[in-house]
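Below is one structure, written out as structure tokens; comments come after it.
Below, chain A is the first sequence line, B the second, and so on; all start at residue 1. Atom set for the values below is all heavy atoms of this structure, side chains included, hydrogens, waters and symmetry mates excluded.
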Amino acid sequence: MEQQNIFLLFQDYLKTELQAQDWADGIDFSKVVVEPPRDLSHGDMATNAALVLNKQVGRNPRELGEEIAEILQKHTDVEKAEVAGPGFVNFRLVSGKWHKIIKQIISYGTAYGDSVSGEKKIVNIEYVSANPTGPMHVGHTRGAILGDTLANLLTKAGFDVTREYYFNDAGTQVDVLARTVHLRYLEALGVDIGEIPDGLYPGEYLKDVALALVERDGDKWQAKSETEWLAPLRDFSVKYMMDMIQEDLDLIGIQHDVFTNERDIVENGTLEKAFKVLEDLDLIYTGTLPPPKGKEMEDWTPVPLTLFRSTKFGDQTDRPLKKRDGTWAYIMPDIAYHYDKISRGFEWMIDVLGKDHSGYAERIDPTIAVFGKGKAKLDVVYNAIVKVYKDGEAVKFSKRSGNIITLREMVAEVGADAIRFFMMTRTPDSELEFDFNKVVEKSKDNPVFYVQYAHARCCSVFRNAEEMWPDMDISNAVLADVDMSSLDSIDDLEIIRLLAGWPRLVRSAAEAHEAHRVVFYLQEVAAAFHSFWTKGRGDASLRFLIEDNIPLSMARLALVRSVALVISSGLEVMGVKPVEEMHA
RNA sequence: GCGCCUGUAGCUCAACUGGAUAGAGCACUUGACUACGAAUCAAGAGGUUAGGGGUUCGACUCCCUUCAGGCGCACCA
């Protein structure tokens, strides 16, 4: 099924042929690749085979290259193969091969680009994981979109993906939440509460929680003591907040498969179990850590703690798993949580975290090595902060003052699609400027617009075609079987080559788990299409619709259709709907 | 002090995990609308990939080192 990836097809062919050579015994072919050359004048494809094999085989690369060129030349789809530079073998395909790509794209539709390289391997990707203490805001949004897009990409690449949300409903933060809600509750019952004290959550949104509580329970908790109301209010608030967060996420098309919460991990014994595993392996001991160097530590006092021998697994220092009072250190539930994931069968886990958690993987990794017996792997994608700009000015926000831009507000202002796309226009670890004015700007400077515009133009061509030839059948079924031999201009072939690279991009982006590459690829496709479009202005033979040349027009329609489909396919990974028309 | 991340054109960013002459956009200069949507396109100029060393046929990419910035560094989340 990987037949969609034309580069892989030739790579496999070449490797098979090479392995049949009389010198092939004991040679490592793993580094042989067939890829698009940087410079199109070099041909359609290039292989490094001679360069990676010459030493092993004991021949000079150019000579070996000649032999490889001959092998390639034997393939019926290869028009010409030749050695270039230090020993690259460049080759050109017969144009009919490219035409088949269009046919393929049209018949696969947006499934074009799907890969089997994931081999249905299961992968758990944890993202968002905001604690249920407030609504989703800008700070959460990038990680949420990053995780979701990555999940889409891995799914397309053939992995069996579980989308997971982990939240903390047991720590001190949710107690603070409950206390704040209690105050708001009193307020809703007419009690004057004055200012929200320091240390509690000042945000207005908790008023709604309080109102809902009044509606359910009336003044039931008003006269009760904290020990009585704390737990029930906490449960109520957490539930309310989680519902709210899920509604927020739904606005940008994010839904998780599994929600795991910290309290379950603690209460159902998973935590104890995880600890016992470490204990049984003699990895737990009581000891005193040296004071951390270079950091001001006035209140540091040497005290024996329950420690985990993480240094045995390459960590810099052993890690305390219990506090001095004997209760669990904050990291222990997280460790147990990953133990839980491994117990559920996940050997590959991805956590999407904010950059302020850097160092997290380092602390968790040693335990994963233990629980997974060396077979499990955790990849952490850290994402840097988002700076918000509006009308040319940086928007400051702080949780303290309750002055935060919520996801809900963002969606209302610029729409979910623009947010999803724009958040993916940078590599995760570099800062992102989210400019409210720019994401809605109608210019090529705005990648969202630029790509959507290309798609809309494709659709426009079809609208025009229907007007020009009202009785012509231009359905996909017909277009897939159209004679495309007339698509032989350099411009036609160039764009097809680009489209043919989509399966390859999906595969490599998934392997590197770098979903943002999809964005850059889409911009490339859009640029190529816009360029082709404009050429038709100067050269009538390059127009898509040529009234007196129906065969060529049909072939071009097939080409335009495949451009639209590849863009759609990419946008699908982004979680963005392609538009058919741009409106002012 | 230690760890992680970042440093690429004036600005904002890419570069298919080691490939050929490091690419786009913005800004700048110059062109293209009686035309499938000019919300676009074409051309020009712009670089010691922070500096230095190493590995090899070949380095932005891997290793070492220096510099600059960001984040994090018991028993807080």
Any idea which of [options] is nearest the [X] side chain?
| X | options | value |
| --- | --- | --- |
| A:Asp445 | B:rC26, B:rC57, B:rA77 | B:rC26 |
| A:Tyr450 | B:rU17, B:rA77, B:rC41 | B:rC41 |
| A:His530 | B:rC5, B:rU17, B:rC41 | B:rC41 |
| A:Tyr453 | B:rU40, B:rA20, B:rA15 | B:rU40 |
| A:Gln173 | B:rA77, B:rG25, B:rU17 | B:rA77 |
| A:Leu545 | B:rA15, B:rU40, B:rC36 | B:rC36 |
| A:Thr427 | B:rA14, B:rC36, B:rC2 | B:rA14 |
| A:Ser358 | B:rA77, B:rA20, B:rG72 | B:rG72 |
| A:Ser430 | B:rA14, B:rA20, B:rC16 | B:rA14 |
| A:Thr534 | B:rC41, B:rA77, B:rG19 | B:rC41 |

Answer yes or no: side-chain N or O of [X] and base N or O of [N] forming a donor-acceptor pair under 3.5 Å.
| X | N | value |
| --- | --- | --- |
| A:Ser508 | B:rC16 | no |
| A:Asn168 | B:rA77 | no |
| A:Arg504 | B:rC16 | yes |

Quantified in whole Å, what is the [atom1] atom distance between nucleotide [N] and nucleotide [M]?
| N | M | atom1 | value |
| --- | --- | --- | --- |
| B:rA9 | B:rG46 | P | 14 Å |
| B:rU48 | B:rG58 | P | 23 Å |
| B:rA15 | B:rG7 | C1' | 16 Å |
| B:rC13 | B:rA43 | C1' | 23 Å |
| B:rA68 | B:rU49 | C1' | 16 Å |
| B:rC57 | B:rG51 | P | 25 Å |
| B:rG53 | B:rG72 | P | 35 Å |

Closest-nucleotide ordering on RNA chain B, the 5'-leading residue of A:Pro37 and A:Arg517: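 Looking at the nearest nucleotide for each, A:Arg517 comes out on the 5' side.
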At under 4.0 Å between heavy atoms, what does [X] touch on the DNA or RNA strands: base, sugar-phosphate, or nothing?
| X | answer |
| --- | --- |
| A:Ala46 | base |
| A:Ala512 | base |
| A:His357 | nothing |
| A:Glu35 | nothing |
| A:Lys322 | sugar-phosphate |
| A:Glu431 | sugar-phosphate |
| A:Tyr521 | nothing |
| A:Thr306 | nothing |
| A:Leu289 | nothing |
| A:Glu581 | base |
| A:Ser553 | nothing |
| A:Lys444 | sugar-phosphate |
| A:Val380 | nothing |
| A:Pro61 | nothing |

task: Report yes if at least one side-chain N or O of A:His516 is closer than 4.0 Å to OP1 or OP2 of B:rA15; otherwise report no.
output: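 Looking at the OP1 and OP2 atoms of B:rA15, one of them is under 4.0 Å from a side-chain N or O of A:His516.
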Does a side-chain N-to-carboxylate-O contact under 4.0 Å join [X] and [Y]?
| X | Y | value |
| --- | --- | --- |
| A:Lys438 | A:Glu433 | no |
| A:Arg556 | A:Asp492 | yes |
| A:Arg463 | A:Glu580 | no |

- prompt: With a 6.0 Å cut-off on ring centres, are A:Phe529 and A:Phe544 close enough?
  reply: yes
Nearest-angstrom distance from the residue atom [atom1] of [X] to [atom2] of [N]:
| X | N | atom1 | atom2 | result |
| --- | --- | --- | --- | --- |
| A:Glu362 | B:rG72 | CD | P | 15 Å |
| A:Leu51 | B:rC57 | CG | P | 10 Å |
| A:Lys55 | B:rG58 | NZ | C1' | 11 Å |
| A:Arg457 | B:rC36 | CZ | P | 11 Å |
| A:Lys355 | B:rG70 | NZ | P | 11 Å |
| A:Leu505 | B:rU17 | CG | C1' | 13 Å |
| A:Lys387 | B:rC11 | NZ | C1' | 14 Å |
| A:Asp548 | B:rC36 | CG | P | 16 Å |

task: State whether the aromatic ring of A:Phe520 stacks on the base of B:rA14, taking stacking to mean ring centres under 5.5 Å apart and ring planes under 30° to each other.
output: no
message: For the base of B:rA20 and the side-chain ring of A:His42, does the geometry meet a stacking cutoff of under 5.5 Å between centres and under 30° between planes?
response: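 According to the criterion (under 5.5 Å, under 30°), yes, A:His42 stacks.
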- prompt: Okay, side chain of A:Ser129, backbone of A:Tyr165: is any donor-acceptor separation there less than 3.5 Å?
  reply: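 Not at all, since once roles are kept as given, no pair shorter than 3.5 Å links the two residues.
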task: For A:His516 and A:Arg426, indicate whether the former's side chain and the latter's backbone hold a donor-acceptor pair under 3.5 Å.
output: no
[Y] and [X] side chains, donor-acceptor separation under 3.5 Å:
| X | Y | answer |
| --- | --- | --- |
| A:Tyr166 | A:Asp351 | no |
| A:Thr327 | A:Asp325 | yes |
| A:Ser30 | A:Asp28 | yes |

query: Taking the chi torsion of B:rU17, is it syn (within 90° of 0) or anti (everything else)?
result: syn
- prompt: Is the base of B:rC67 syn or anti, if syn means a glycosidic angle within 90° of 0?
  reply: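 The base of B:rC67 is oriented anti (glycosidic angle more than 90° from 0).
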With A:Trp502, the side-chain contact (heavy atoms from CB on, under 4.5 Å) member among A:Leu498, A:Val506, A:Leu499: A:Val506
message: Can you tell me the base-pairing partner of B:rA24? Count Watson-Crick or G-U wobble geometry only, both distances below 3.5 Å, and say none if there is no partner.
response: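 Answer to the pairing question: B:rU12, which forms a Watson-Crick or G-U pair with B:rA24.
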